[in-house]
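Here is the naming used below: chain letters follow the sequence lines, and residue numbers restart at 1 for every chain.
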Amino acid sequence: MDIFSEIKSLIEAMILDLISEGAMPGDAAGHNFSVERPKNNDHGEISTNASLIVAGKSKSSPRKIAELLAEKLRDHERIESVSIAGPGFINLVLTPDYWQSIIGDIINLANEYGRKDIGKGQKVNLEFVSANPTGPLHVGHARGAVYGDALGRLLEFSGYDVTREYYVNDGGAQVDTLARSTYLRYLQANGMEISFGPDSYQGNYLVDIGEKLKDKFGNRFVDKPEMAWLETFRQFSISEMLKLIKNDLLSLNVVMDQYIHEKSIVETARIDEAIEQLREKGLIYWGVLEPPKGKMPENWEAREQMLLKSTAYGDDVDRPIKKSDGSWTYFAPDIAYHYDKVSRGYDELINVFGADHGGYVKRLTAVVDALSGSKVSFVIKLIQMVNVISEDQVLKMSKRAGNFVLLREAIDAVGSDVTRFVMLMRKNDANLDFNFDKVREQSRDNPVFYVQYAHARICSLLKRAKESGMDTRDQALLDFDGKHLREPEHIFFIRKLAEWPRIIEQATSHREPHRIIFYLIEVASGFHSFWSSGREKDSLRILQEGKPEMTLAGLALARSTGIIIGQGLEMMGVKPLTEM
RNA sequence: GGCCUCGUAGCUCAGCAGGAUAGAGCGACCGCCUCCUAAGCGGUAGGCCACAGGUUCGAAUCCUGUCGAGGCCGCCA
């Protein structure tokens, strides 16, 4: 099904044959060589460096090995010609039949085309977003949300059993701040003048919550001390914030499987269990840390704390677990949370973090390695910053001041599909510019429209053919005759389609959904180009009056392209358009 | 001071499990709609892949160092 894998296995088998024939040394087998579509058209349709790799490992001449392999390859019925070039590359040209059969494969398998069971059912915990429940999501969160969700879809397609998880930080001081800020809005709803302290969340999103609390409690808490209302207000506002967040995620087409609350982790004594485990491994001790180098914090003084010996697992310094007053640091619930994840029996944990959490990578890796005995694979994907640009200015965002650009605003302006596509156009560890004006333009600056347009054109073709009385169902298209797809332009484009399984595989193993996006743009480009060539060459037109067989073949090609684009967009959580 | 990420065309970025002459979009310039959606297509111009070493038959890709940009660095979360 994957043409590159097929040829690779073919060559591997030939190497084994040659070894048993005594023509190659025994250590020629088992090396990883590449089989790929060469960038340069003069280098055939498929090229491999097998002889270079094998020669390098077994200290023999690349040309000689290439000759041996070429001899065998020439005999293969589906290979038209073989040539040896440069230092020893083997370049292949396949028979047109081989390429045309791919169109049949795609239509036959439809959305299953390109699926390869890489994951083999391994259980993956994918934690992403995990924004503090103190306000609505902003565009920075959106990037993490979209990346996490697209990665989830990709992994699921490739045979992983994925659990999407959101960790709710509802145990720290910031949720008390939230409660107090909500209280101010509650007072306001009761007609009182309010003024915000420097630590307040001042965003307007709390106004509604204040109103709701007034509706519920009237003025009951207006003159009461904090003790009387803090817990109630905290719980209420957290649950309201989570509603807000879930709603935001939903409008981005993101749905979590579960929300794990920090509070529940703390309350079930997971911290003590986790620390005990680490203690048994000799990783817990009391000690005094060196002051941080570089900028010395004011009021720094040496104090004894409970520390985790994370340096034993590659961290730069050991990390405090308990403050000098005996209470847990922020790190402790995190340890417990990851202990909890490990104990739930996943094969792999993936955390999607914002780049500002880069400092936590080593210590968390240390924790997971220590707790799982390095059995669980743990990957942290850092998502770099999003620069929101409007009128050529980078907007500065501050949560406290409440002036950040909300995810909601982006979606209201351009919709979920464009937001997702644009956010997936960069690899996770590169900064991303989200240009509000350009993205709003819905012009060619927006590659999402370019891809959608290709899909819409294909749908339009099938629709027109159907209107003229043709049977355009997949079963009927499968009867196409390959001899009508023999022009160089046909083969050139089919070669692009044939890369799809390989692209999915690479995107999966690198955990990089953006590779799908770039491939889709290439496929769209190839299709637009092919379409336009029909203006100059009649034989390349898809709908041909009075020539039903040629039309059928053209439609099969178009349909298979549509399957791939549709499938790729679906995988990125973007809805393919049938017309524009 | 240390750690993480990045540095590729005027701009925004792909490529990086080593491979042949480094790609795309935008911007600039020149062309293409009596014909399947011109939201499209074709062409021209534009590069010491930050710099310097190293590994290799071969380096944008791997290693080391330098420079530059961003993020992070105990008793906040």
Atom [atom1], compared across [N] and [M]: separation rounded to whole Å:
| N | M | atom1 | answer |
| --- | --- | --- | --- |
| B:C11 | B:C16 | P | 23 Å |
| B:C49 | B:U56 | P | 23 Å |
| B:A60 | B:C41 | C1' | 31 Å |
| B:C72 | B:A14 | C1' | 28 Å |
| B:C48 | B:A9 | P | 8 Å |
| B:G18 | B:C62 | C1' | 7 Å |
| B:A38 | B:C30 | P | 23 Å |
| B:U44 | B:C3 | P | 48 Å |

### Message
Counting only heavy atoms not in A:E467 (residues, nucleotides, ligands), do more than 12 fall under 6.0 Å from its CD?
### Response
yes
Under 4.0 Å: is that the gap between some side-chain N or O of [X] and OP1 or OP2 of [N]?
| X | N | answer |
| --- | --- | --- |
| A:K39 | B:A20 | yes |
| A:R363 | B:C3 | no |
| A:S460 | B:U37 | yes |
| A:K323 | B:C76 | yes |

Can you tell me the distance, in whole Å, between the [atom1] atom of [X] and the [atom2] atom of [N]?
| X | N | atom1 | atom2 | result |
| --- | --- | --- | --- | --- |
| A:E512 | B:U61 | CD | P | 17 Å |
| A:E36 | B:G19 | CD | P | 7 Å |
| A:N49 | B:U56 | CG | P | 19 Å |
| A:R37 | B:A20 | CZ | P | 15 Å |
| A:R502 | B:A17 | CZ | P | 12 Å |
| A:F33 | B:G18 | CZ | C1' | 16 Å |
| A:R143 | B:G71 | CZ | C1' | 13 Å |
| A:Y453 | B:A39 | OH | P | 5 Å |

### Task
Compare the aromatic ring of A:Y450 with the six-membered base ring of B:A39 and state whether they stack according to the 5.5 Å and 30° rule.
no
Side chain to side chain contact (heavy atoms under 4.5 Å, CB included) partners of [X], counting only residues at least two apart:
| X | answer |
| --- | --- |
| A:E487 | A:E489, A:H490, A:K537, A:S539, A:L540 |
| A:N41 | A:F492, A:R495 |
| A:E512 | A:H510, A:H514, A:R515 |
| A:T311 | A:K309, A:D318 |

### Message
I want to verify a distance call: between B:U5, B:C3, B:U37, whose nearest atom is closest to the A:D316 side chain?
### Response
B:C3
### Query
Under a cut-off of 3.5 Å for both distances of each Watson-Crick or G-U pair, what dot-bracket string does RNA chain B give, using [ ] for crossing pairs and | for inter-strand pairs?
(((((((..((((.....[...)))).(((((.......))))).....(((((..]....))))))))))))....
### Message
Near RNA chain B, counting only heavy atoms under 4.0 Å, which residues of residues 525-533 of chain A show up?
### Response
A:H528, A:S529, A:W531, A:S532
#### Entry: Interface with RNA chain B, restricted to residues 534-544 of chain A and to heavy atoms under 4.0 Å
A:G534, A:R535, A:R541, A:I542, A:L543
### Query
A:F434: what forms a ring pair (Phe, Tyr, Trp, His ring centres under 6.0 Å) with it, not counting sequence neighbours?
A:F436
### Task
Sequence neighbours left out, what passes ring pair (Phe, Tyr, Trp, His ring centres under 6.0 Å) with A:F33? Give chain and number order.
none
Side chains of [X] and [Y]: does their closest heavy-atom pair fall under 4.5 Å?
| X | Y | value |
| --- | --- | --- |
| A:K362 | A:Y313 | no |
| A:E267 | A:H261 | no |
| A:V418 | A:F449 | yes |
| A:F331 | A:L364 | yes |

### Task
Using the side chain to side chain contact (heavy atoms under 4.5 Å, CB included) rule, take A:T177 and A:T134 through it: C-alpha gap first, then chi angles, then the decisive distance, then the call.
CA-CA 9 Å; A:T177 303; A:T134 54; over 6 Å; no
### Summary of salt bridge (charged side-chain N to carboxylate O under 4.0 Å, His left out) pairs that have at least one residue in residues 36-49 of chain A, sequence neighbours excluded
A:R37-A:E499
### Task
Could you name each residue pair satisfying salt bridge (charged side-chain N to carboxylate O under 4.0 Å, His left out) that touches residues 319-336 of chain A, not counting sequence neighbours?
A:D315-A:R319
### Query
Where the side chain of A:S560 meets the backbone of A:L557, is there a donor-acceptor pair that is under 3.5 Å apart?
yes
### Task
Could you pick out which residue, A:T578 or A:V317, lies toward the 5' side of RNA chain B when each is mapped onto its nearest nucleotide?
A:T578
### Summary
Taking for A:S509 and for A:K362 the nucleotide of RNA chain B with the nearest heavy atom, the one nearer the 5' end belongs to A:K362
Distances under 3.5 Å between nitrogen or oxygen atoms of protein and nucleotides 10-14 of chain B:
from: B:U12; atom 1: O2'; to: A:R426; atom 2: NH2; distance (Å): 3.0
from: B:C13; atom 1: O2'; to: A:R426; atom 2: NH1; distance (Å): 3.1
from: B:A14; atom 1: OP1; to: A:K427; atom 2: N; distance (Å): 3.4

## Note on the structure
Base orientation of B:C30, chi within 90° of 0 counted as syn, else anti, reads anti
### Query
Going by distance alone, is a donor N or O of one side chain under 3.5 Å from an acceptor N or O of the other, for A:H338 and A:N351?
yes
### Task
Using a heavy-atom cut-off of under 4.0 Å over every strand shown, decide if A:A85 touches base, sugar-phosphate, or nothing.
base
### Task
Could you tell me whether the side chain of A:N91 has a donor or acceptor atom within less than 3.5 Å of a complementary atom in the base of B:A20?
yes
